[in-house]
Each structure stands twice: as C-alpha cells, then as structure tokens.
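In what follows, chains are A, B, ... by sequence order, proteins preceding strands, each numbered from 1.
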Number of protein chains: 4
Amino acid sequence: MAGMATGRTAVGKKTRMQRSEEVRDTLFQAAAEVVGEYGYIDASITRITQRANLAQGTFYNYFASRQEIFDELLPVLGAKMLAHIRQQAGGAKTFLEKEELSFRAFFSFLKRMPYFLRILNEAEIFAPKAHRQHFRNITAGYLRFLQNARKNGEIAALTDEALEPLVYMLIASRGYLALRYTDENGVVNLPEEAVTVYLQLLGDGLTQRAPKG
Amino acid sequence: MAGMATGRTAVGKKTRMQRSEEVRDTLFQAAAEVVGEYGYIDASITRITQRANLAQGTFYNYFASRQEIFDELLPVLGAKMLAHIRQQAGGAKTFLEKEELSFRAFFSFLKRMPYFLRILNEAEIFAPKAHRQHFRNITAGYLRFLQNARKNGEIAALTDEALEPLVYMLIASRGYLALRYTDENGVVNLPEEAVTVYLQLLGDGLTQRAPKG
Amino acid sequence: MAGMATGRTAVGKKTRMQRSEEVRDTLFQAAAEVVGEYGYIDASITRITQRANLAQGTFYNYFASRQEIFDELLPVLGAKMLAHIRQQAGGAKTFLEKEELSFRAFFSFLKRMPYFLRILNEAEIFAPKAHRQHFRNITAGYLRFLQNARKNGEIAALTDEALEPLVYMLIASRGYLALRYTDENGVVNLPEEAVTVYLQLLGDGLTQRAPKG
Amino acid sequence: MAGMATGRTAVGKKTRMQRSEEVRDTLFQAAAEVVGEYGYIDASITRITQRANLAQGTFYNYFASRQEIFDELLPVLGAKMLAHIRQQAGGAKTFLEKEELSFRAFFSFLKRMPYFLRILNEAEIFAPKAHRQHFRNITAGYLRFLQNARKNGEIAALTDEALEPLVYMLIASRGYLALRYTDENGVVNLPEEAVTVYLQLLGDGLTQRAPKG
DNA sequence: AATGAATGAGGATTCATTCAT
DNA sequence: TATGAATGAATCCTCATTCAT
C-alpha cells in the first residue's frame, strides 16, 4: 500500500470530490486575485470566472452568491496570515523580539500575497461581518500577548482598558505602513527605518534622551 | 454699490453667482451627509438630490459627474478638520502638549462631524486621488512638526527617513481608534485610557520600568 | 374659454404630466398586448418596451417591477369589461333578458379586446392577488343580481348557499366557452347555439319535455 | 422461466426493463407531486429529481426534456380520473343519476389526488397540447353520453351544435367549483348545495315555479 | 438654471440541458 | 445506466448620465 496517493483511485484518476475541491479552490484563488487587482466592486462574476477559465454558471455550483465568496476571502486568507506570522515569530524570546519578528512577518506575508492587503482593507466595506470577525481574532490574540508581556514585567503595567486601544494602534500602524509602502503594482517595500522607529516607539518612546541602561 | 458683481444687490436680493454658490453648497452638504450615512456606494445621485430638495438633473449643472463630487468631499472637509485641529492645538507649548491637544482635537472634530470618518475611510477606495492628496497634506504638516520637535531636542534624533513612517503610524493610530470607538450611530466615544496610552507610547514607550526623572 | 383643451398649455403643447400619463399608458397597452400574445411568462421587459418603442430602463420609471404591471393588468381591464357589460345589459327588463345581454356582452368585449381572455386566465397563476380580487368583484355583483331576481320571483327560491356555487357555474361557463371558441389567432367566435343552450339551462333546464306555458 | 424477457427472473430479481419502468414511474410521481405543490413554473428538474431521490442527470435518461414530462402528466392522470368516474357512475340508471354520480366522483377523485386540480388547471398554460387532448377526450365521451340521453328522451332535443357548448359548460362548472372550494392546503370541500343547484340547473333550470310533475 | 423623463450598459442570478466519468 | 458538474443563454433590475423643455 505504500506510495498510494491519498484520495486517488487507481492510477492518477482523481475522485469527483477531489475535482470538486479543486474547482472550488480555483474559483477562490481567482476571486482573491481579482479582488486584489480590481477591488471588490469590480470583482464581477464574469471577471472571476474568466480568470478561472470557467463558465459563469459554474460559479454558482460552488458559492451561493457573490457575497458568499467575498465573505470567505478574509477568513481564509487571514488564517494564512496568522499562521505565517506565528511560524515566523515562533522562536522569539523577548517581547521586543517577538514584536519585531511578527511585524516583519506581516510584511513578508504581503510580499508573498500581494493581493491580501486590498482584500483586507476593502473588506471593512464589502464584507463587514468577515472584517469584524477577523479583527476580533487578531486583536484578541494580540491582547493576550500583551497581557503576558505585562505579567512578565516586559512592558509597563497598563490596565486592560489601556491595552485594548494599544492593540488597535499597533495593528493600525502595520496597516497604514503597508498601504504607504505599497507601490502601484501592489508590491510592498518597507524601509528598514520603519521597523526601527516602530520598535523604538514600543521600546523607549520618542521623548527619551538617552537609551535605558 | 449698484452693479457690483459680488455681494448682494441693493435690498437683500442675491446675485446670480451667490445663488449658484448656495445651490452648489447645498448639494455638497447633502452629498457629505449621504456618504456619511450610507457610504459612497449607496450615495446615488437620486439620494443626494433628494436630500438637497433638488431635481436629479440639477446635480449636473454643478458637478460634471458623481465622481467629481466624491473627489471634492475629502479635500474640503479635510481642510476643515485641519483648521479645527490647528485652532485647538494652537496654544500648546511642548511637543507632548501639542500632540495631546491635536489628538483630542481629531476626536472632537468627529463629534461635530460624525459623517467625516466614513468619508475619510471609504475615500481610500472610492476617491483614491483625493485620499492620497489628503494624506500628503496631513503628513507633510505632521512631518514638519516632528522635524521641529527634533530640532528643539524634544524628541529623539530620528532621521527624516524614520520620521515619515512615524507620521503614518501616528495618523493610523487615530484612524483605527476612531473606527474602534465609534458606535453604530456614528458617535465616537474615546476612552480616556486611549489618550493616556497614546501619549505614553510617544513619551517613554512601553518597556521602560521607571518614568524618566 | 370654450374649446380649450383641458390640461394643455397654450397651443398643442402637452404638459409633462400628460406626457407622463401617455407613456405609462403606452407601456400598459404594450404589456396587455404582449401578455395577450405570449402569455405572462414570455412577457419580458424587453418585449414590452420594444413593443412600446421605449428603452428598457424607461419601464422602471413607471412601474416598480414586472410584477407590478402584471398586477395592474386585470383590475384595469376587468373594470373595462364590467363597464362594457353593464352598458350593454343596461336596458334589459327581465332576468333572462339581462342574462342574455350580459352573456353576449362578455363575448363582444372579447371581440374588441382579444388579449383580455389570456390575461384573465393566466392571472390566476401569475397575478393571483389581482385574480382573486377580480373574482370577488365579479361574483359579488352577480350574486346581488341573482338575489334580486330571487326576490322578484324570477328565479327559484334558492338559498344563498346555493346561489354562490351557481354564480361560479355561470361564470365558469362563459370562461370555458370563450376558451373553446377562440381560434389560434385569438379571435372568439361563439356559435349562436351556445347562447341558446346557456339560456335554456337557466330557463327550463335540460330535462323538461315541454316548454313552460 | 429463465430467459424470459418480461416478468421477474428466478428469485425476486427484477429485469432491467422492470427496473427501468420503476425509475420512470418514480420520476413521474415526483413530478406530479411537485407540480401539484409548486405549480409547473417552480417544478424544476432539481426539485423533481430531489423528490425522486435521484440525480439530476438521471431525469434525462427517461424524459427527453422537462416539457416532455409536463406533457405526460395530464394524459396519464386524466385517464385515471376518467376511470374513477366511470367506475363510480357505472351503476346509475337515469341521466340525472349518472350526472350526480359522476359529478360527485370528480370531487371524490380530487380528494384522493389533491395535486390533480393544479396540474389540470395550469396545463392550459404549460402543457397546452396535453390540455387540448385531455379536453377532446373528456368532451367526446361526455358528448356521446348526452347524445344518448337525448336519444332516450331523457333530455331536451338539442342539436349536436348545441350539445357541444353544453358539454363545455358542464365541465367548466366542475372546474370552477373545484377551484372555489379548494382551501389553501389543496383540500377540496364541496358544499352539498353545490350539488343540488348543479342538478337543478340540469333538471328544471332556474326559472320554473313548480317542479315538473 | 431647473427639471425630470429617457436611455442603455452592466451585473447577478437561475436553470434546462449536456456530457464525461 | 446513474451521476452531478459544467455550461451559457436569458432575464430582471439599477443608476449614472443625457437631453429636451
């Protein structure tokens, strides 16, 4: 039995379910690209299915409506983003190290998935439910991370009420920086200084004269 | 006074140009409200002119297209925002004082103009040119302000290349906090802790143990 | 003032409202014809507006939806039918006379408005609300007429509970006969014998041997 | 018995043809139910095959098109109706007796096959050929019956030209009464008065003062 | 300048039918 | 023969924009 391709029958023939999964993925990928390139508004079913090399009607064998695929875009890709960040920041020891790694990881993810940023940003308008959910995910995790750092004495003893706005500020920073340093081709190019100043803010703030000893 | 083109003629009668300006303003104000309430997508010409108590066709006597009025929304209102912030933060002496005042001023502006936030946020998608221009305005001024503070030794000696991303991070923070603390009725309600933590980031950062002496 | 065309301004110019009414009528008439020829199912907006020599979009300036105009067809034309029948049967004295005249009037109306029969029949399926209302109108009037004839001793002393099914049977007869004697071009041609036998049923029934004296 | 094409092979195994017949029947029955419940318009292939617990494609192994099964519905079920009526009215002696029995039989058939009425009525629109054929069947038989009664002197000596419209009127009466007295659940409930008045029309008509002696 | 009706391009969606497995 | 995915034609409806009055 060794070497038998999982889910395949006999020799190289795919099962119907596999084929079906593949087509669905093709549509999903096409939608992600089209939304990334043209925005949700101009991501018509025509465009999506053309990109996927399928007939318009085929779309509706896999998604109940245009909105349905829109609502699925962010959750799926957002999870990938989180996975990527976790993987990249996994080895970090200190708070600042972890911050740096996950900060950088966000941008390296955008490099790999240039269309993600637009999907993320426009989701607030075109897939608000998905967007809210995504933010809840992100912020909840981030909040726990900060609470931990606080417990360990790695950051100042801020109340939970202060931590939450802090989370929003940090996420906001990433988002706007990504926007700012993405060129017209959708390629992000973050200057190293952005990392430095982000970490400085987190570290010693702006007004200190001398580094902490 | 007779024959004077601008101003009023004799007794309370408005000149043609004044009348025209008024109608244009009415449309502009209507558009701002409608976009604020329904978003650009659902800000149809029908809705805008209805709100302005005018006929659909009248719109095109004042604006060449729907996009044109969309493109005008942010520049005009953004200027108002800047004026408000400058006026509020005018008396501040130190860097942090000025930051606090203008930070608060942003939110007090939103209280007065609840529809501004949506206009601002969605402009990125629906009036990208205006959005870019608005950001250039904002960031340029902010940058000068930070350069000044740097010259005065009020903040760390960061390079210009670091200052620019910093500007984006600070503006981003305001934007996301506004979004986060705006309720479903469009009313913003910023917790005091948000101000505190914003200023702490700017001041001493997160990781310090003891306040600077 | 004599001779002044009502609703017209000055010389031959129509007011906007008049134009509007006319266009609406044109659409209504087009819809009636198209439904009469092709049935509701194939009465697409395209067909209706083409027949009216108008653009598709114009339709929606006058009717909120396709269903809306469908729902209006029967009430309007049904009222015309009733008016025609009343006018034709007005002079009748006796019960049977009135029956004969209105029976004939139904068919003469169909001659004038060949598309009415299909509109009426298919309305049961495609405009059920309008159809129910139409039937309530028709049957209510018919019932009162029979009650009157009963009071005057012109027909047998049937209970109200018997009168109602009777009404349905009489209306049914007209409807099916119309269907039966309408050719493929939509032209109705009722044989005189149909009138005779209808009246005989009402009069003496079928099983009598000799006419009543 | 081995090798016999029709019937069953040996032990309970069905022949291919039997199996095939069964599937076809399943589809037919499913279609009848679905049309009865939702009407022809909403009797999609999806619905029909789902009701039959078969895949969509299977449908086309047994029927060339959706229209084909629609065209088959009324002939098959109409024959059942006729059989039922004949069986119920078989024992009747006189004309009026037979009329009463078959009149009642029509309604008892509807009680057993609630979906028949809708199939019958809507067939005029959605399966016009079948509908015409069905009517030819029905009316031809009815006509012979009336001609017989005429020959026997049981009814008035009407010409054939008068008999035909009469047939339509009688059938029409049943149809409309069924419609009128069917509730929203598709259950028919004919008041006894309807029978009475139907028979009175046939018997002595409406205008007689005293019953025939 | 104000009006509001006319226009028609464009897009989502449905569903009978085909077809490869 | 059964399956169910793929197809694409067809249709309703929206709305920015134009234009005659």
Side-chain angles (χ1 to χ4, degrees), chain A residues 9 13-17 19-20 22-24 41-49 52-68, chain B residues 16-17 19-20 23-24 41-50 52-69, chain C residues 9 13-17 19-20 22-24 41-49 52-68, chain D residues 16 19-20 23 41-50 52-69:
Chain A
T9 67
K13 293 274 265 317
K14 291 164 192 161
T15 64
R16 247 184 207 183
M17 241 183 71
R19 279 288 303 144
S20 183
E22 275 177 28
V23 176
R24 206 190 135 95
I41 259 197
D42 293 317
S44 62
I45 301 297
T46 307
R47 271 214 172 117
I48 293 172
T49 50
N53 278 321
L54 290 166
Q56 289 208 46
T58 305
F59 179 88
Y60 291 91
N61 292 335
Y62 295 89
F63 299 92
S65 70
R66 186 182 178 242
Q67 190 58 47
E68 191 176 286
Chain B
R16 214 170 277 201
M17 246 181 70
R19 195 61 209 111
S20 181
V23 176
R24 208 189 132 93
I41 268 195
D42 292 318
S44 61
I45 301 297
T46 305
R47 268 210 174 121
I48 293 171
T49 49
Q50 252 168 16
N53 279 321
L54 290 167
Q56 278 204 60
T58 306
F59 180 88
Y60 288 89
N61 293 332
Y62 295 90
F63 299 92
S65 72
R66 188 183 178 238
Q67 192 57 48
E68 190 176 287
I69 200 173
Chain C
T9 67
K13 293 273 264 316
K14 290 164 192 161
T15 65
R16 248 183 206 185
M17 242 183 72
R19 280 287 305 142
S20 182
E22 275 178 28
V23 175
R24 206 190 135 95
I41 259 197
D42 293 317
S44 62
I45 301 297
T46 306
R47 271 211 172 119
I48 293 171
T49 49
N53 277 322
L54 289 167
Q56 289 209 43
T58 305
F59 179 88
Y60 292 92
N61 291 334
Y62 295 90
F63 300 93
S65 70
R66 186 182 179 240
Q67 190 57 47
E68 191 177 286
Chain D
R16 214 171 277 202
R19 193 64 206 109
S20 181
V23 177
I41 267 196
D42 293 318
S44 62
I45 301 298
T46 305
R47 268 212 173 118
I48 293 171
T49 49
Q50 251 168 16
N53 279 321
L54 290 166
Q56 279 204 58
T58 306
F59 180 89
Y60 289 89
N61 293 331
Y62 295 90
F63 299 92
S65 71
R66 186 182 180 240
Q67 191 57 48
E68 190 176 287
I69 201 173

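Between the P atom of dA16(E) and the CZ atom of R47(D) lies a distance of 11 Å, rounded to the nearest Å. Here the P atom of nucleotide dT3(E) and the CD atom of Q50(B) are 13 Å apart, to the nearest Å. The distance from atom CZ of R19(A) to atom C1' of dT3(F) is 15 Å, rounded to the nearest whole Å. Atom P of nucleotide dT3(F) and atom CE of M17(A) are separated by 18 Å, given to the nearest angstrom.
Judged as a side-chain hydrogen bond (donor to acceptor under 3.5 Å, both in side chains), and not counting sequence neighbours, Q50(B) has no contacts. E68(C) pairs by the side-chain hydrogen bond (donor to acceptor under 3.5 Å, both in side chains) definition with nothing, not counting sequence neighbours. Applying the ring-ring contact (aromatic ring centres under 6.0 Å, His included) test to F63(A) and every residue at least two apart in sequence or in another chain returns F59(A).
Between atom OG1 of residue T58(A) and atom CZ of residue R24(A) there is a gap of 14.0 Å, rounded to the nearest 0.5 Å.
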Give the table of side-chain donor-acceptor pairs shorter than 3.5 Å for residues 42-49 of chain C, with sequence neighbours excluded, one pair per line with atom names and distance.
unit_1 : atom_1 : unit_2 : atom_2 : d
S44(C) : OG     : R47(C) : N      : 3.2
T46(C) : OG1    : Q56(C) : NE2    : 3.4
R47(C) : NH1    : D42(C) : O      : 3.0
T49(C) : OG1    : I45(C) : O      : 2.7
T49(C) : OG1    : T46(C) : O      : 3.2

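Put simply, Y62(A) has no side-chain N or O that comes within less than 4.0 Å of OP1 or OP2 on dA5(F).
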- Task: Determine, for nucleotides 7-15 of chain F in 5'-to-3' order, which nucleotides have protein heavy atoms under 4.0 Å from the base (write B), from only the sugar-phosphate (write S), or from neither (write -).
- Result: BB---SBB-

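Stem analysis of DNA chain F (Watson-Crick or G-U pairs, both distances under 3.5 Å, runs of at least three) returns E:2-21 with F:2-21.
T15(C) is not listed as a side-chain neighbour of R19(C), based on a closest heavy-atom distance of 4.5 Å or more.
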